[in-house]
Amino acid sequence: MCGIIGAVLCEGGAGALVDTLGEGLRRLEYRGYDSAGMALVGGDKTIRRARRPGRVRELEQDLGALREGDARTGIAHTRWATHGAPSEANAHPHICNGAVAVVCNGIVENHEELRRAQTEAGFRFTSQTDTEVVAHEICAQVQDGRDLLGAVQAAAAKLKGAYAIGAVAAGEPGRLVGARRGSPLIVGIADGGALIVSDVPALLHVTRDYLVLEEGDVVDIVDGAFTVYDAAGSEVQRELRKSGGDSGAVELGNYRHYMEKEIFEQGRAVADTLEGRLSGGHILEEMFGAGSGALFDRVKFVKCIACGTSFYAAMVARHWFESCGVPCDVEIASEFRYRRHTVPDGALVVAVSQSGETIDTLEALRHARRIGYRDALCICNVAESSLVRESDFVLLTHAGREIGVASTKAFTTQLTALLLLVIALGRRAALAAAAESELVAELRALPTAVARALELNAAVAAVARRFADKRHALYLGRGAHYPVALEGALKLKEISYIHAEAYPAGELKHGPLALVDNDMPVVAVAPNNELLVKIKSNIQEVRARGGQLLVFTAEGAGIRGGDGVTVVEVPSVGDAVSPIVFTVPLQLLAYHVATIKGTDIDKPRNLAKAVTVE
Ligand code: F6R
């Protein structure tokens, strides 16, 4: 999704500035985008700009002209289209009257009203974006005699919605002003310069020192020195932080795609997520941080909020929570954030997110606090994310950076972390010590079980060929494996563009069975548990209608392949971790179908890694 980098560098000239901004853009690429651009302010008080639809590497061909001259201030942007198609005209930076250039993340909700007023005032629009109004508004303030700082402050006061802005002015070559409300903006502090970025990894090639702007803050960077003002315009100090993040690029090694690499990293990722968190037959509650014991003692109800794959992880966890006697509800964050409800006593809100920057999840967390949830815990993969900063308690998944847009190792590590939380709360409810030991034993065996599931790669690649020319697929699961079926279907649609839907297997005869014929592949998730006999019947219902079945079942479950039924046996594991292990072959299936179809697996069309707009 959209990304911002801006910088004032006191040394190195325009070439160094272009390199710094260009590397920042490359580091923002993983978020997903469809156009990119850069603008520099020269000592001659002119703004020069390059922008293009497509990839950053394509933009790089246009950056030669920007390298000439003495510019030391610039802004750059990756745009994920919301208002207006991905085109050069809609790409940022937007320039108004040659005087002001602006990059903007988020959505300006009152853009239509501002556009009308600005059109009447004589401003000419050259894009369909909601954000061009920001450039015009700041420009109007500069024309009224304000300096860039005053102009951004005055303009920001007129904007509604969630946004982060970076602005430069032709008349002030050493100045860069940033502002945020709703979307993150970070200030990087380097020797002889300062930067603004929307995401910490985008500044690690320059510095590890940074601070996070708070809601309504404006930062004024002049010749590399910076001052932060709050929404009321008072100068404020924000906490200086040092990033411990990995500054290097993630190497692909011998893999063809990051998604493939990340699928195969899951044994290690799960082991890292468990590292230092188990002792004998117990979990170590220290992992949740100071005060968590008192928190867990008062929790009587868990409300999970999340989006997409993270939501499916929470759906699996609901089964675990409830089976340990902990009442739990799971809700899509974008729905929860607009819904009022009564908050039960002892309610804990648990936000689950890989990136920690998903705006719906962040807003759902803020909404939860507003409506009376006293305690918030997050399960997140990015230590330096907004979600981690805003939560009272944090359990990090140690999956390592996930680059592929389709989430894989994030999901299995979220499940691992959620099971640790289930044990912490469950031992205060109906989870007996012996049952805790069994769960811990299952967790200890998990990395090996995941590694064994990955050995199914060749078998899954062979069956994937049958899906490549299909337009639709059905996925079936039951109980805690129904969300696994949902996740398998999501993976298939995201990267192969085959329409796939998952149903609780018992629901099939209530409608979806009408879709089944010999051209409809049906993927069934059939672990060897108390629901096996039920799903076997559902498989027969499909077979009786000519449906072609691919059944992922547990070793020893007694489902045999034959006419119209292909069986892939998944390593047998304990009931609790079974959803984690069954996920692996479903990821492999989606991956192999997509490789056969030749899609852009790591950057599927229309999708973004961090979804920072509503
Ligand atoms: C699917 C996928 C998305 C994310 C969703 C939430 O493969 O990646 O559905 O799971 O956008 O993202 P996070 O977990 O970063 O909040």
Side-chain angles (χ1 to χ4, degrees), residues 1-2 30-32 80 183-184 198-201 257-260 262-263 266 269 304-317 330-337 349-366 378-391 394-397 399-415 417-418 475 483-497 500 502 583-584 586-591 594 599-614:
M1 211 142 266
C2 300
Y30 80 97
R31 294 164 67 95
W80 185 81
S183 281
S198 47
D199 202 351
V200 173
H257 301 97
Y258 282 104
M259 182 181 179
E260 183 186 29
E262 287 158 5
I263 289 173
Q266 289 180 108
C304 294
I305 45 172
C307 304
T309 288
S310 302
F311 172 69
Y312 297 149
M315 279 179 77
V316 173
V330 176
E331 191 162 347
I332 298 242
S334 54
E335 290 294 315
F336 175 80
R337 64 180 283 194
V349 65
V350 175
V352 186
S353 172
Q354 188 286 129
S355 62
E357 300 296 349
T358 304
I359 194 75
D360 284 319
T361 307
L362 280 167
E363 287 297 340
L365 182 79
R366 293 167 190 156
C378 78
I379 293 196
C380 188
N381 194 39
V382 182
E384 285 154 358
S385 61
S386 305
L387 188 65
V388 166
R389 287 193 292 270
E390 292 190 28
S391 299
V394 175
L395 185 59
L396 290 175
T397 52
R401 259 170 78 192
E402 194 179 62
I403 308 269
V405 163
S407 223
T408 52
K409 62 179 180 174
F411 181 69
T412 45
T413 53
Q414 282 169 346
L415 287 172
L418 280 161
Y475 282 63
V484 171
L486 284 163
E487 172 61 5
L490 180 64
K491 290 291 89 97
L492 189 73
K493 56 189 150 195
E494 279 181 300
I495 60 168
S496 76
Y497 312 147
T583 298
V584 174
L586 297 184
Q587 295 167 339
L588 289 170
L589 178 65
Y591 176 74
T599 57
D600 191 351
I601 290 182
D602 286 333
K603 296 192 180 84
R605 68 184 180 205
N606 306 340
L607 299 182
K609 185 69 187 158
V611 183
T612 50
V613 294
E614 243 194 288

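Every value quoted in this text rests on a predicted model; they were computed, and no experiment measured them. Every number for a ligand or one of its atoms is a count from 1 in the order of the listing.
- Residues Leu486 and Met315 have side chains in contact (heavy-atom distance under 4.5 Å, counting atoms from C-beta outward).
- Residues meeting the side-chain hydrogen bond (donor to acceptor under 3.5 Å, both in side chains) test with Asn381, sequence neighbours left out: Gln354, Thr397.
- Here the side chain of Lys493 pairs a donor or acceptor atom with the backbone of Ala500 at under 3.5 angstrom.
- Looking at Lys609, its side chain never comes within 3.5 Å of a backbone N or O of Tyr30 through a donor-acceptor pair.
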Practice task
Could you walk me through whether Gln587 and Thr408 pass the side chain to side chain donor-acceptor pair (under 3.5 Å) test, one step at a time?
Solution key: CA-CA 7 Å; Gln587 295 167 339; Thr408 52; 5.0 Å; no
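- Between the side chain of Asp602 and the backbone N or O of Tyr258 there is at least one donor-acceptor pair closer than 3.5 Å.
- Listed as neighbours of ligand 1 are Cys307, Gly308, Thr309, Ser310, Ser353, Gln354, Ser355, Thr358, Val405, Ala406, Ser407, Leu490, Lys491, Glu494, Val611, each bearing a heavy atom under 4.0 Å from the ligand.
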